Structures are given as structure tokens and as C-alpha cells.
Amino acid sequence: MVREKSLGCAVSRGVSSLVLLTGFCFTVFLFFLSLFRTVSSKPDGWLGEYSFSALDNGFLNILMLVMLLCVLYLLWHRLEALPLWTVRLGMLLWILTVGILFVYSTSRAPEGDAEIIANTAFLASGGNFTALSDYLDHHPFRIGLAFYEEIYFRLLRLLFPAISRGYCFMSLQVVNVLFWALGCLGLVEMSGRLYHSRRVQKLTALFLMLFFPALLSCSSLSGSLASFSLAVLSLWFLSAWMERPGFFRVLLSGLFMGLALSLKLDAALVVLAVVVLWLLYCLQGRSLRALLALLVYLASLLLVEATPIYLCEQRAGMDYSSGDMTMRLAMGLDEMETGSLRYAGLYTAASDEVLHSRSPRAQKAQEPGSFDGFARQWNEPSFRSLFMNQSCQRYRETGFLYRLFCQPGDWLLRWMNLYQSLLLAGAGLALLLLLKRGETGKALPAFLLVAGFVFHLFIPADSRSAMKYYLLMIPLAAFAFDTLFLHHEARSGAAEKP
């Protein structure tokens, strides 16, 4: 029995070390790529989107990174004196204030697939189910998002019967801001569970406050941000369960992940990474209890994910379960808006409708294994948040915050390029530290990162799908820089002693 446990622990450590090493190699490669090259996307009247790759001044970027690291060290000292609740509150107030004001300022109207879903859900909330049934018959992977929007519109119209369609859509963007604030709180708490440090939590909050593309993405009605935030809450409860097992923790983790999966199908990648990590946890001598917890997690997840499908099928009298799951997963990776550069090889009729808006090089860039496609997805620091807000239709004239962030948006692109390099450097250092120390229990973000990286090697997508993986790097980077600063303090203190 002891030998079986030791063998299980050895297998678990071996797989975890392989994941950490893969994640380290991936982040190091992206770090050097971000130093010397940057991909940008701009609106184009004929193509819809003009994406280009430009060379960077690597020496200047390294110099700026050193300066930014010094500023981060000073802020780390300042944050250490502040209570954690103050930092949490400041982060939430910043995100809610800037996010809501930006949504009002940009006045963005939904387009493409997001517009179709919002319109059909709005009609369904008024009792017209024909359009919703027709849409879901061809796009079954959108059932959860359409069902969520229908419920929201029903509640809103119950409170405000005379509210217009445009205000309904804009209020849904405000709900995205609330979801993003909730996701940030979940990331801060998850970093505390994983690394047991208030300093790491404070640095995580600081990094999240400066991640502007997520705030700009709140104007999108694709469901991506809400799905990510719910997945983060699920991971928070999962990390709490790993620290101290309990039935309600694992149940809540499964429920939140089921909601995330129903809104956006690519949350299945997170589920896959969690299941692999859970099985490795089972090999470490806690097999029966951990296995039962995994079954509870999967059962609650599948129950929540299947509920919207069942209710819509009963109401429409149709079967939405048929269809190619590979295609459904691939199409769940993007918002299907005009000009989106996405891999069309697995699509059916949808691919023919957008081929005219993409150049031959853009189409080639979306082929599996293409370096251009890889760079477009992983080395575009705005994650298309600038392009999507610059090229959209609007309800009215834009305001000050839109002009500050998006017209022309050059300062934001330069900042995020530097921020992205800093994040990659921190994440790479964290993975190296965890690998060296053998602390595989803290490798949850690494499993998620590697799962996304491997999947997108075979099914490329645009940079919006990469944003969530950069967000998951933030707790890793905060842990790495906290360790680095503590090491510097210890060496400085030792040097000052006589």
C-alpha cells in the first residue's frame, strides 16, 4: 500500500513538473517575442480589420521593464502598509467606476452574432419565441447565453416596462462590469488560497486594476467576460477545497463552473485542466475522498450546464443536442462579429460569409501551426479590445473616457505591450520557482495556461481568447515578484549588518 502511494505521488509530481516546465518554456518564448515584436489591429474600410506585426526596440523595452520593476517595488512597499480590505475595496471601486463610465462613454451597440442573440433574447422576453427557436436550431452552442440574456431582459422589463431595447443592451454591458469586478475579487482570493500571502493578494489586485483591455471588453455582449468571472469563482472554491476539503466548497465550485460553461463553451478547457489536476490529487494518497468530490463536481457542473438546453427544448419542442461538438467548441471561441480573424477550417456555412473580409495572408494566419496565427493570438497586447470599440456601431456620440482610451489608443497599446512583457516575465519566474521547489500544489494556473496553449496550437483563435490566460498569469506574476522583492530585502538586510 505504501509502495502504491509512493508510486502515485511520483506520477503526480512527474506530470505536474512536466506541466510547469511546458508552461515555463511557453511564457519565456512569449516574453522574448513581446520584447521584439508586437501585433496590432486597426479598423479598415474594405477588409474590416487590418492586422500587422511591427518590430519593437528590444533594448528600450528591457530598459522600460527595469524602470517599471523599480516602480513596482516601491508600490509593493506602499501596499504592505495598507490593510487587505482597503486594497480590495479600492480595486472594486476603481473597476466599477471606470468600467460603468466607459460603457456609457463608448455607447457601443452589439454587432454580428452578439446582436442576433441579444435581439432574439429581447423578443423572447416579450413572449416571441419564434426567432429564438430558429436561431438556436442553427447555433445550439449559444443556448446558455441566449437563455441568460432572456432571463435578464424579463427581470428588467418587469421592473421598467417602458425600457427601450438599446437601454436593455447597455444595461447588460453594465452587468458585464459587475461580473468583471466579481472575477477580480475571485482572482485576489484565489491567489491568497494558493500562495498564503496577503502581499501576493495586494499585488494581484494592483495588476488587475491596470489590466485595461478587460475593462474595455465590458462593452461586448459575447458572454466571454461573464463566463471567465464565473470560472474564476469556481476555481476560488476549488482552491479552498484543496486547502480544506468540504462538500459545499466542491458543490459551489461545480455550480459556478456549470454556469461558466453554459455561457461560453470554451470553459470546457478549464474543466479539462481541473479534472487532470484533480486526478493527480487523487494519486497523492487521497484517492477515495477526492474521487467522490470529483464526481460531485462533475455532476453539479453537468446539471447546471444542461438546464438551459432542457428548458429551451421543452419550450420549443426541438432537439438541440445534435451537431458536431468539435465545431461547437471551435465556434464558441469567438464572438462571430464582422471582420473577426478566426480559423474557419472547422466551420460550415459561417466561414463562407466572412472569407471576403479577410486577406489571403489573414486566412493563412489562421491555419494550425502558423507562426503569424500564433503571434496574432498571443502577442496582441490590446486583445482586440481597442479594435472592437473603434469599429462598432453606436447609439450616440462618444464621451471623454472613450476618447481617452481609444482615440487613437496608441498610449494604451504601448502600456499594454510593456505590461504584457512584465506579466510574462513574472509568470515565467513563478513557474521556474514552483518547479525548483517542487510545489506542485500551487500549479493550478499553470495547468489552465498549458491546456489553453496546447488546444490553440491545433485550433487557433483571435487574441480575445488569449486574454483569459493572461489574466490567469496575474497570480503567478504577483507570487514571483513578491518572492523576488522579499529575496532582495533579505539580501539588503544581510548586507547592512556589520
Side-chain angles (χ1 to χ4, degrees), residues 21-42 50-78 203 206-213 216 361 365 370-387 404-406 408-433 435-436 449 453 463 466-467 469-474 476-489 491-492 495:
L21 182 60
T22 304
F24 171 73
C25 295
F26 173 55
T27 52
V28 168
F29 175 77
L30 278 180
F31 170 70
F32 285 105
L33 184 63
S34 70
L35 288 179
F36 298 101
R37 187 174 291 273
T38 299
V39 176
S40 300
S41 298
K42 293 185 180 296
Y50 172 60
S51 295
F52 60 94
S53 180
L55 291 175
D56 274 349
N57 188 328
F59 175 77
L60 181 60
N61 282 341
I62 292 173
L63 182 63
M64 294 295 292
L65 274 178
V66 173
M67 295 175 61
L68 185 58
L69 196 60
C70 293
V71 173
L72 186 63
Y73 175 67
L74 296 176
L75 291 174
W76 176 76
H77 263 295
R78 294 284 186 181
L203 277 180
L206 177 63
F207 274 117
L208 289 168
M209 290 171 66
L210 299 175
F211 200 97
F212 294 116
L216 271 59
R361 182 177 179 181
S370 165
F371 179 78
D372 284 344
F374 179 87
R376 287 177 192 273
Q377 180 174 2
W378 296 99
N379 195 35
E380 202 277 280
S382 75
F383 305 101
R384 299 186 79 233
S385 60
L386 282 175
F387 167 77
L404 175 65
F405 284 113
C406 302
D410 292 344
W411 75 267
L412 182 63
L413 192 63
R414 285 194 293 268
W415 159 249
M416 283 307 301
N417 187 33
L418 189 63
Y419 177 98
Q420 186 182 52
S421 299
L422 183 69
L423 205 58
L424 288 166
L429 178 60
L431 293 172
L432 184 62
L433 287 172
L435 183 62
K436 184 179 178 181
L449 177 63
F453 169 60
S463 57
M467 185 173 71
Y469 300 109
Y470 277 93
L471 289 169
L472 290 169
M473 291 183 197
I474 288 180
L476 287 169
F479 165 70
F481 290 128
D482 179 65
T483 305
L484 181 66
F485 296 154
L486 285 176
H487 180 69
H488 172 73
E489 293 276 296
R491 291 192 63 180
S492 299

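Just so it is clear, the structure is predicted and the values come from calculations on it, not from any experiment.
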Heavy-atom closest pair, residues [X] and [Y]:
X	Y	result
Ser34	Asn417	O-OD1, 3.6 Å
Thr27	Ala427	CG2-CB, 4.3 Å
Pro213	Pro381	CG-O, 3.8 Å
Leu423	Phe207	CD1-CD2, 4.3 Å
Trp378	Ala466	CE3-CB, 3.8 Å
Asn61	Leu35	ND2-O, 2.8 Å

Any side-chain heavy atom of [X] sitting closer than 4.5 Å to one from [Y]?
X	Y	answer
Arg384	Ser463	yes
Phe481	Trp76	no
Phe485	His77	no
Glu380	Leu413	yes

Near Tyr73 OH, under 6.0 Å, is it more than 12 heavy atoms from other residues, nucleotides or ligands?
->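 Counting other residues, nucleotides and ligands, OH of Tyr73 exceeds 12 neighbours.
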
When you look at CE of Met64, are more than 12 heavy atoms from neighbouring residues, nucleotides or ligands closer to it than 6.0 Å?
->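 No, because the 6.0 Å sphere around CE of Met64 holds 12 heavy atoms or fewer from other groups.
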
Compute the ring centroids of Phe383 and Tyr470, then answer whether they are less than 6.0 Å apart.
->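 Yes, ring centres under 6.0 Å apart.
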
Taking it one step at a time, do Leu424 and Gln420 satisfy side-chain contact (heavy atoms from CB on, under 4.5 Å)?
-> CA-CA 6 Å; Leu424 288 166; Gln420 186 182 52; 4.2 Å; yes

Using ring-ring contact (aromatic ring centres under 6.0 Å, His included) as the criterion, point out the one residue from Phe453, Tyr469, Phe31 that pairs with Phe26.
->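 Exactly one candidate clears the test, Phe453.
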
Could you tell me the separation between the CG atom of Leu63 and the CG atom of Leu68, rounded to the nearest 0.5 Å?
->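 Those atoms lie 11.5 Å apart.
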
Kindly indicate, with the supporting measurements, whether the criterion side-chain contact (heavy atoms from CB on, under 4.5 Å) is fulfilled by Val28 and Leu431.
-> CA-CA 10 Å; Val28 168; Leu431 293 172; over 6 Å; no

Leu404 backbone acceptor or donor facing Trp411 side chain under 3.5 Å |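 Side chain of Trp411 to backbone of Leu404: a pair is present.
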
